[in-house]
Protein chains: 2
Amino acid sequence: MAEPHDVHRPSGDRPSDPGDLNDPQPIIWMRPERGARGPVPAYSRERIAEVAIALADGEGIEAVTMRRIAKELGTGAMTLYRYLPTKEDLYAVVIDQALGYEPQEPTGDVRADLATFARRYRETLRRHPWLAHAVASRPVMGPNMLRGNERDLALVDGRGLGIDEMMQVVNLIRHWVTGATQAETAEREAALRSGMDRRTWQQRMGPYIGELLATGRFPYLDRMVREARYPSRDERFETGLAVLLDGIEARFPALAGRRG
Amino acid sequence: MAEPHDVHRPSGDRPSDPGDLNDPQPIIWMRPERGARGPVPAYSRERIAEVAIALADGEGIEAVTMRRIAKELGTGAMTLYRYLPTKEDLYAVVIDQALGYEPQEPTGDVRADLATFARRYRETLRRHPWLAHAVASRPVMGPNMLRGNERDLALVDGRGLGIDEMMQVVNLIRHWVTGATQAETAEREAALRSGMDRRTWQQRMGPYIGELLATGRFPYLDRMVREARYPSRDERFETGLAVLLDGIEARFPALAGRRG
DNA sequence: GCTAAGTGCGTACAGCGTTCTCACCGTGCT
DNA sequence: AGCACGGTGAGAACGCTGTACGCACTTAGC
């Protein structure tokens with residue numbers, strides 16, 4: 001929330017509009033990767049993001065610090081600021097790079113295409129356990145995100161839906177997948193945090209759950225503990241997805257038939 | 001991820017099981033609020049959480065620091081650690097308290113009940129813009145969360161669904177609401193960050209969007225800028241909800257009829 | 001070859017969560 | 001009635017964070 005200083009103001013800036021004092025920093029993807037003048041840079045945004053992603057995947061997102069990335073690259077922390085003006089910009093680049101881009105051509109079967117889209121998105125978010133959380137916190141607008149948006153909207157195009165409706169369908173799936181994946185990883189991480197194994201977690205939670213059940217005020221929790229078959233995460237995902245797709249076909253019948 | 005020290009081990013602890021070196025801290029709601037021995041505490045978990053929530057609502061979640069909360073209470077930072085052993089425990093208590101508890105009796109119309117549930121949940125998350133993000137990152141298990149779970153499951157009970165299916169339906173709605181609300185707030189916050197008004201944001205993004213459209217490689221982005229009617233957030237929410245409920249009724253027909 | 005933009009990076013600062021410590025308080029046991 | 005001991009408030013200090021500033025060095029364009 002603190003306003004970063006002007007790293008280097010464009011030399012020929014117009015007499016600053018008194019309405020807004022500091023001309024806002026342009027979004028990271030508008031800043032040129034390097035100017036034509038100085039020595040050739042030793043690193044690049046992409047290389048830095050690559051290291052940050054590896055770090056986040058291997059040791060958790062909280063291991064991603066400027067100093068640590070720099071150390072991994074064999075340089076000083078301040079060097080990174082030649083490439084990325086703030087840590088928020090680092091995140092933007094890291095997220096967009098982690099999202100990546102995988103093409104998907106519409107097959108004419110919208111339901112199948114949307115299912116593939118949902119599964120692909122989930123896989124991406126699961127490959128990087130910090131990603132769902134990161135992507136949900138900010139609008140990203142990077143090149144991969146934007147190309148991905150084109151690809152995803154194409155899956156529901158040509159069926160008579162307006163652009164608003166198309167966005168609605170795609171976002172419905174996106175939001176559910178991010179929400180569900182976050183819940184998945186939150187559960188997993190909480191278990192891991194308490195000593196790296198499932199037993200320790202149950203050891204910690206067991207007495208608490210027992211205490212709760214003893215009050216008799218949590219009949220459904222009781223049933224969850226006693227009756228639940230606990231479908232696998234994959235099964236739960238597939239069921240949720242089927243519900244979603246049923247709903248989409250019910251509300252937007254144009255999407256239901258085969259062919260275009 | 002760092003293991004906090006034992007704040008004060010119970011005096012009569014058994015010879016420590018060599019399997020796991022440090023007996024894990026019990027979950028915060030199992031620790032007694034205070035022992036029977038010493039002077040009466042000047043504060044309480046609830047009071048601390050109250051201050052933290054006010055701070056987060058007013059100045060953003062990043063304003064919630066131990067020192068700041070302490071200052072607001074008129075005390076020293078370390079005082080808080082008598083009530084909450086770590087900041088993660090603070091978050092747990094804060095989230096559960098912010099979730100609150102609002103009763104909801106089943107009416108016999110499951111679709112209407114689930115819609116009410118979804119709207120109520122969304123309102124709660126919107127009242128505290130940091131909450132959706134916070135609740136999605138960890139399993140909470142606090143008293144409000146747990147009572148809420150009982151209340152929500154009751155809405156789909158008595159229709160022949162197993163507990164797993166009941167959870168499935170409730171979680172589907174929860175995950176979508178958290179995902180969608182996070183997207184909502186992320187968008188809003190990003191706009192606010194760049195100078196507190198919408199115009200500054202468009203001023204920053206405008207040239208970038210223009211640059212993208214000029215490439216001709218983003219036809220759908222183009223349509224979004226040109227054709228989109230941009231339904232309000234409330235409209236989008238209602239549409240998404242209708243889709244979800246249609247899907248639920250299609251997959252679990254037992255929920256569709258009136259009465260029990 | 002000069003100039004100025006651009007680069008690598010050490011130093012330093014304010015602020016973070018948390019550990020250690022200590023003086024003091026108040027209840028329950030003797 | 002006295003005192004032991006657990007609970008309490010809180011300051012000092014540690015190792016960490018993001019990043020502002022400054023300086024020496026490199027290189028493209030004139």
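Throughout, a chain's letter reflects where its sequence line sits, starting with A, and its residues are numbered from 1. Since the model is a prediction, treat every value here as computed from it, not as a measurement.
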Problem - Quiz item: Arg67(B) side-chain donor-acceptor pair to dG17(C) base, under 3.5 Å - result: yes

Practice task
Give the nucleotide from the list dT7(C), dG17(C), dT8(D) with an atom nearest to the side chain of Pro41(B).
Solution key: dT8(D)

Exercise for the section: Look at the side chain of Arg82(A) against the base of dG6(C) and say whether a donor-acceptor pair falls under 3.5 Å; ignore hydrogens and angles. Expected result: no

Practice task
Remember a base hit wins even if backbone is also touched, and classify Thr65(B) as base, sugar-phosphate or nothing at under 4.0 Å, heavy atoms.
Solution key: sugar-phosphate

Exercise for the section: Classify the angle between the aromatic ring planes of Tyr43(A) and Tyr83(A) as parallel (below 30°), tilted (30 to 60°) or perpendicular (above 60°). Expected result: perpendicular

Exercise for the section: Measure from CD1 on Ile48(B) to C1' on dG17(C) and round the result to the nearest Å. Expected result: 15 Å

Exercise for the section: Please state how far atom CE in Met78(B) lies from atom C1' in dG15(C), giving the value in whole angstrom units. Expected result: 16 Å

Exercise for the section: Could you verify whether a donor N or O on one side chain and an acceptor N or O on the other, from Trp130(B) and Asp57(B), lie under 3.5 Å apart? Expected result: yes

Handout entry: Rounded interatomic separation in angstrom, taking CD from Glu62(B) and C1' from dT17(D)
Key = 15 Å

Fill in the blank from the handout: Of Ile69(A), Leu80(A), Ile28(A), the one forming a side chain to side chain contact (heavy atoms under 4.5 Å, CB included) with Leu90(A) is Ile69(A)

Problem - Leu80(B) CG to dC16(C) C1', straight-line distance once rounded to whole Å - result: 14 Å

Practice task
Under 4.0 Å between any heavy atoms, over every strand shown, what does Ala42(B) touch: base, sugar-phosphate, or nothing? Just pick one.
Solution key: sugar-phosphate

Fill in the blank from the handout: Judged by nearest nucleotide, the residue sitting upstream toward the 5' end of DNA chain C, Ala77(B) or Arg37(B), is Ala77(B)

Handout entry: Minimum-distance nucleotide (side-chain atoms of Pro39(B) versus dG8(C), dC20(C), dG26(C))
Key = dG26(C)

Problem - Atom pair distance, as rounded to whole Å: CG in Leu84(B) and C1' in dT18(C) - result: 14 Å

Exercise for the section: Compute the ring centroids of Trp176(B) and Phe237(B), then answer whether they are less than 6.0 Å apart. Expected result: yes

Practice task
Using a heavy-atom cut-off of under 4.0 Å over every strand shown, decide if Gly76(B) touches base, sugar-phosphate, or nothing.
Solution key: sugar-phosphate

Exercise for the section: Take atom CG of Leu90(A) and atom P of dT19(D), then tell me their distance rounded to the nearest Å. Expected result: 10 Å

Practice task
Please find out if less than 6.0 Å separates the ring center of His175(B) from that of His175(A).
Solution key: no

Practice task
Could you state the atom-to-atom distance from NZ of Lys71(B) to P of dA14(C) in whole Å?
Solution key: 14 Å

Practice task
Examine dT8(D): is either OP1 or OP2 under 4.0 Å from a nitrogen or oxygen in the side chain of Tyr83(B)? Give yes or no.
Solution key: no

Problem - Ile61(A) CD1 - dT17(D) P separation (whole Å) - result: 14 Å

